[in-house]
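Take a look at the structure set out below.
Just so you know, ligand 1 is whichever comes first in the structure, and atom 1 is the first atom listed for that ligand.
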Amino acid sequence: MSKINVIYWSGTGNTEMMANAIADGTKEAGNEVNVIHVGEATIDDANNCDVLVLGCSSMGDEVLEEGEMEPYMESIDGKIGGKKIALFGSYGWGDGRWMREWQERVEDNGAILLEDGLILNETPDDEGLAQCREFGKRL
Ligand SMILES: Cc1cc2nc3c(=O)[nH]c(=O)nc-3n(C[C@H](O)[C@H](O)[C@H](O)COP(=O)(O)O)c2cc1C
C-alpha cells in the first residue's frame, strides 16, 4: 500500500472533480490517499507520501493559478528531487501548454513523472471521470 497525497487548486470545481475521481481510483487500488486543497497544503505534505499528485487548471495565459498554486510550486521547487509525481488538470481553449511546461518544471526538479499529465477539457464527463479513476489506479 502506498501513501498518496493529492494536492490541487480549482476555480470552478472541474479540477476538484478530477482530484476526487483520481483519489477514488487510488483507494480502489488499495492505497491510502489524502486530498488536500493547495491553500491548506504544507511543504511536508509534498514529502510525507510515496506519490505526490498535483492538480491545477490552466489559468492566466497557460500558467498555473498564481494566488495559491504557483506560490506552492515555488515553495517545493528544489525539494522534490527523486519524488514520484503525477500531474493533472482541466483546461479550456488552449492546447495543454500549461501542462507541458509544468511537466518540464517537475522533471527539471529531478522528480520522477509517473504518467503523462492527465488533462480534460472543462467539466469532466463520465468518460473523463473514468479516465481519472484509471489514472488513480495506475499510480
Ligand atoms: C482567468 C482564467 C484564465 C484561463 N486561462 C486559460 C488558458 O490559458 N488556457 C486554457 O486552456 N484555459 C484557460 N482557462 C479555462 C480553464 O482552465 C477551464 O475553464 C477549466 O475547466 C477550469 O477548471 P477549474 O474549475 O478546475 O479551475 C482560463 C479560465 C480562467 C477563469
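Ligand 1 has no N or O atom lying under 3.5 Å from any N or O atom of T123, backbone or side chain. Below 3.5 Å of separation, one finds an N or O of E122 facing an N or O of ligand 1. Residue S58 places at least one N or O, backbone or side chain, under 3.5 Å from an N or O of ligand 1.
Per-residue contacts place S10 under 4.0 angstrom from the following atoms of ligand 1 (heavy atoms of the residue considered): 24 (P), 25 (O), 26 (O), 27 (O). Atom numbering of ligand 1 starts at 1 in the shown order; those under 4.0 Å from a heavy atom of D61 are 8 (O). Distances below 4.0 Å separate heavy atoms of N14 from the following atoms of ligand 1: 20 (C), 21 (O), 22 (C), 23 (O), 24 (P), 25 (O), 26 (O). Per-residue contacts place T12 under 4.0 angstrom from the following atoms of ligand 1 (heavy atoms of the residue considered): 24 (P), 25 (O), 27 (O). The contact set between ligand 1 and G94, taken as ligand atoms under 4.0 Å from a residue heavy atom, comprises 10 (C), 11 (O).
Nearest to atom 8 (O) of ligand 1 among the protein's heavy atoms is E62 N, 2.8 Å. Distance from atom 22 (C) of ligand 1 to its nearest protein heavy atom, with residue and atom name: S57 CB, 3.7 Å. Among protein heavy atoms, atom 1 (C) of ligand 1 sits closest to M59 SD, 4.0 Å. Considering only non-hydrogen protein atoms, atom 5 (N) of ligand 1 sits nearest to G60 O, 3.0 Å. Considering only non-hydrogen protein atoms, atom 12 (N) of ligand 1 sits nearest to G92 N, 3.0 Å. Taking atom 28 (C) of ligand 1 as the reference point, the nearest protein heavy-atom neighbour is W93 CH2, 3.2 Å. Annotation: atom 21 (O) of ligand 1 to nearest protein heavy atom, S90 OG, 2.6 Å.
Looking at S90, its side chain does come within 3.5 Å of a backbone N or O of E122 through a donor-acceptor pair. A donor-acceptor pair under 3.5 Å is formed between the side chain of Q103 and the backbone N or O of G117. Side-chain atoms of R138 do not come within 3.5 Å of backbone N or O of L114 as any donor-acceptor pair.
Taking a cutoff of 4.0 Å between a charged side-chain nitrogen and a carboxylate oxygen, K79 and D44 do not qualify as a salt bridge.
Residues forming a side-chain hydrogen bond (donor to acceptor under 3.5 Å, both in side chains) with N34 (at least two apart in sequence, or on another chain): N5. Remark: F88 engages no residue in a ring-ring contact (aromatic ring centres under 6.0 Å, His included) (not counting sequence neighbours).
Counting heavy atoms of neighbouring residues, nucleotides and ligands inside a 6.0 Å radius, atom CD of E127 does not exceed 12 of them. The environment of D108 atom CG is dense: over 12 non-hydrogen atoms of other residues, nucleotides or ligands sit within 6.0 angstrom.
For W9, the heavy-atom gap to ligand 1 drops under 4.0 angstrom.
Taking each heavy atom of I7 and A41 in turn, the nearest pair found is CG2-CB, 3.8 Å.
Hydrophobic cluster membership differs between M18 and L87, with clusters built from Ile, Leu, Val, Met, Phe, Trp and Tyr side chains linked at under 4.5 angstrom.
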